[in-house]
Structures are given as structure tokens and as C-alpha cells.
Amino acid sequence: MKVKAVSFSGAAAKSWGRTNPAVQSASDSLWDAVCTSEGAAQPTLDALRQYPATPPTPGRGGTGALWEFFASVAAQDLVAARALEPHFDAAAILEQAGLPWHPGTTWGVFAAEGPGLRLEASEHRGRWQLNGDKPWCSLAGDLTHALLSAHVPGGRRLFTVRLDDPGVQPAATAWVSRGLASIPSVPVHFEQVSAEPVGEVDWYLKRTGFAVGGVGVAACWFGGAVGLFRHLFHSAQRRAPDQLALSWLGEADTLLASGAATLFRAAEQADALQLGPRQASEVRGQIAGICERMLQISAHATGPGPLSLDENHARRVADLSIYLRQHHAARDEAALGSILLEETQETGVNPW
């Protein structure tokens, strides 16, 4: 079984990472893992650990192909995409920092903050240690390594850490989410855990690749919406659709065409080093809105039956619903508003 590829341009989706027979074989294994994951993260993690090359990174001329790959995986299984995307993001961050990649590893990126939780990094004689608590550490008990942000004098700094360190202790908090059920994202306690710094203070958030990585996540959301469309389309084929069903199908196609064009343009901007915070925020907001409407169309058009009796569809709806909460809705729109005002103040040019 093969994953059906998603294309942003209407042409056949481009290949990625297939530069020699060994890499091609590992890529095929990764696709096979995605097809057989059925909502489980471990098959994808196992395939990533066996991948022999550095994962492709965005902003190097192949961003469109990379994001099409993310969307293709997500259209098949959002859990697989949620396990895979941070691993690729970690490779991109390390590459931008000038640090080597280590095959045979699996990575997460833990940079969220939460009320009442704080992770501190301290240095003594050139050695760094982490102490405290970090929220939303997805798959911390299953990965080999992570990039995470910690508080240091003057701001926050990024560090690499081995997650098999005995001082890394995932919280006993139950992960009860019905969406992304096999991607537990619980707080982790760090006690005298050795770490290596990546970049200078606040480099992680200020680097040019931060905005690009955020759109890679949106490509995964988009893939989830494509999965909903495929279910909607097949439902319309199974019986003669009425006018409402045809209307929903047409609207869904229009939404996806708009999202694909948005991501295609964003990939071009990323490769031209022109995808900044404003552009990334606009793209994420547009894709999130498309996905929200796709969830609504799917529910209205197909009713309670698939949500109650179709395991794959019910899981996709739940997975996409929780995955989308990485977009903070009106708060992210407010952040974009701040960016617009700051840009206008700096340049003297109104946005439109």
C-alpha cells in the first residue's frame, strides 16, 4: 500500500530524499510505516530511527517538496505526521546552528511554556545542567533526543538533551486526549540533566527558520483537511448526492485549492528567504481557518454515522481537532496585528 501524494501545484508531487539506493529504500520503509501506523506513533519512530541520511530541511530549494511530503503523510495519518514533523524540524534547527545530525536518533522540539512550570539552565565550569519542569513534551518517553528551550540570565536559550538521562522524568499526568491519543504531551521534570547549548540567548525564536518551521506544521494540518475531503468525496460517490451535498463538496474543493496555493507560494518565499513572521502568521491563520471549516463541512455533510462507526474517520477528526490547537486562534491573530503595527512603524508603509 502506498500513501497517496498531496500536491500544492496540481502537478505530480515531487520526490524527496532519494539520492541513492540506501536512502530510497529507507524512504520506502518510512512510507510503509505511515501506511500501517493506524494511529500509532511507534511505526513512524522506528522508521525514522532507521533513516540513514540527514532529513531534508526547508529553505534550501526543496521546501515545496518537503511540505507536500508532510501533507501527504498527514492525509494518511495525522499521528504519523505529528511524530515525524518535529523530528525534521530538529534537523533543520541543528543544520541552521551548524551542528551535525546523528542518524539512528529520534527527536522532539519542546519550546512551549506553561503557567507554574519553569525550566532553568545553569552553567558551571563550562558544563550546562537543566533543572525544573517543561510542559507539552510530546513523546518524551519514546524519543532519544530533544531540543528544548530553558530560562537563562537575559532570556531563553535552546539546548540539546538525551532523553534517556536518568534525570528526565515524564510526569504521571494522564494523557486523556481522544485526538493524537498515542502522542502523549505531558510535562517533564528535569533534575541535574546534562545539556548542550544551541545558539545564543533567544536565538531559537529570532532565527529566520523559526517562521518557516511554523508553516511546516500548517502543511500537516492541511494534509489532515485533505484526508477529510477524501472521505467526503467517497461519501458523495456512494450515493446520488443532493444539492446540499454537491454544495459542500464544491466548497471543500475551493477551500483546498486556496490552501494549496497559499502553501505553494509560502514554499517559494521560504526558498527565496522571504518568509518572515508576518507571512508565516498569515499562512498559519489561513490554513487553520480552512481546516476548521473542513471539519464543519465534514460533520454537516456526512452526519453522525462515520463519527460513530468509521474508526479511521473518527480518529482523523479527533486528531485534527487537537492538532489545530497549536494555532492559538484569536491570540495568534492578535500577535499578527502587533506585527503589522510594528512593521508600519518601522517602514512607514501601511500593509495594504
Side-chain angles (χ1 to χ4, degrees), residues 1-15 31-39 64-65 67-82 84-85 178-180 217-267 283-284 286-324 327:
M1 179 180 178
K2 294 295 182 182
V3 175
K4 184 177 180 181
V6 173
S7 172
F8 300 152
S9 64
K14 297 175 280 295
S15 63
W31 283 116
D32 291 342
V34 170
C35 289
T36 59
S37 61
E38 297 183 345
W67 288 350
E68 285 177 343
F69 165 64
F70 286 172
S72 299
V73 171
Q76 181 73 20
D77 194 298
L78 280 157
V79 165
R82 182 65 183 85
L84 180 147
E85 184 277 327
R178 273 47 174 178
L180 302 178
V217 174
C220 294
W221 301 339
F222 180 79
V226 171
L228 291 178
F229 177 87
R230 290 173 179 172
H231 178 266
L232 181 69
F233 187 76
H234 292 153
S235 296
Q237 288 179 309
R238 282 197 294 268
R239 61 183 181 182
D242 60 15
Q243 197 74 358
L244 280 175
L246 291 172
S247 176
W248 281 317
L249 187 62
E251 181 185 355
D253 179 66
T254 300
L255 288 169
L256 292 187
S258 174
T262 296
L263 288 166
F264 182 78
R265 173 58 178 155
V283 172
R284 282 171 62 91
Q286 290 174 49
I287 299 301
I290 288 169
C291 291
E292 296 276 12
R293 179 57 181 154
M294 284 294 301
L295 285 166
Q296 188 179 48
I297 289 173
S298 174
H300 289 184
T302 63
L307 291 172
S308 306
L309 302 172
D310 185 329
E311 169 66 25
N312 288 333
H313 177 71
R315 184 172 63 243
R316 179 176 292 110
V317 168
D319 289 346
L320 183 56
S321 296
I322 192 69
Y323 204 168
L324 273 177
H327 184 260

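Note that this is a predicted model, so its numbers are computed, not measured.
- Annotation for Ala252 and Phe229: closest pair CB-CD1, 3.7 Å, computed over non-hydrogen atoms.
- In plain terms, the two heavy atoms of Ala75 and Arg230 that are nearest each other are CB-NH1, 3.6 Å.
- Partners of Gln243 according to the side-chain contact (heavy atoms from CB on, under 4.5 Å) rule, which considers only residues two or more places apart in sequence or in another chain, are Leu246.
- Distance check: Arg178 CZ to Ile322 CD1 gives 11.5 Å after rounding to the nearest 0.5 Å.
- Leu244 is linked by a side-chain contact (heavy atoms from CB on, under 4.5 Å) to Asp242, Trp248, counting only residues two or more places apart in sequence or in another chain.
- Of the possible donor and acceptor atoms, none in the side chain of Ser298 sits under 3.5 Å from a partner among the backbone N and O of Met294.
- How far CZ of Arg238 is from CZ of Phe233: 12.0 Å, rounded to the nearest 0.5 Å.
- Cys291 and Leu320 make their closest contact through CB-CD2, 4.4 Å (heavy atoms, listed as atom of the first residue, atom of the second, distance).
- Taking the centre of each ring, Trp31 and Phe69 come in below the 6.0 Å mark.
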Inset, instruction - Give the intermediate values and the outcome of side chain to side chain contact (heavy atoms under 4.5 Å, CB included) for residues Leu256 and Phe222. - result: CA-CA 8 Å; Leu256 292 187; Phe222 180 79; 3.8 Å; yes
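- Rounding to the nearest 0.5 Å places CG of Leu228 at 9.0 Å from OG1 of Thr302.
- Taking Arg239 as the reference, nothing meets the side-chain contact (heavy atoms from CB on, under 4.5 Å) condition, with sequence neighbours excluded.
- Under a 3.5 Å cut-off, the side chain of Ser37 and the backbone N or O of Val34 do form a donor-acceptor pair.
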Legend entry - Derivation and outcome, side chain to side chain contact (heavy atoms under 4.5 Å, CB included), residues Thr262 and Gln286: CA-CA 8 Å; Thr262 296; Gln286 290 174 49; 3.2 Å; yes
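- Counting only residues at least two apart or on different chains, the ring pair (Phe, Tyr, Trp, His ring centres under 6.0 Å) pairs with a member in residues 299-322 are His231-His313.
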Inset, instruction - Determine, stepwise, if the pair Leu324 / Leu295 fulfils side chain to side chain contact (heavy atoms under 4.5 Å, CB included). - result: CA-CA 11 Å; Leu324 273 177; Leu295 285 166; 4.0 Å; yes
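- A donor-acceptor pair under 3.5 Å links the side-chain atoms of Asp77 to the main chain of Gly39, judged by distance alone.
- Scored by the salt bridge (charged side-chain N to carboxylate O under 4.0 Å, His left out) test, Glu38 finds no partners at all (sequence neighbours excluded).
- Put simply, CZ on Arg293 and CD on Gln296 are 4.5 Å apart, with the number rounded to the nearest 0.5 Å.
- Between Ala74 and Cys220, the closest heavy-atom pair is CB-O, 3.1 Å.
- For Arg82, the side-chain contact (heavy atoms from CB on, under 4.5 Å) partners two or more places apart in sequence, or in a different chain, are Pro86, Ser138, Leu180, Ile183, Tyr323, Gln326.
- Scanning both residues, Asn312 and Asp310, for their nearest heavy atoms gives N-OD1, 3.2 Å.
- Judged by distance alone, with hydrogens and angles left aside, the side-chain atoms of Ser258 form no donor-acceptor pair with the main-chain N or O of Thr254 at under 3.5 Å.
- Here the straight-line distance linking atom CG of Leu263 with atom CH2 of Trp221 works out to 10.5 Å at 0.5 Å rounding.
- Between atom CG of residue Leu232 and atom CD of residue Glu251 there is a gap of 10.0 Å, rounded to the nearest 0.5 Å.
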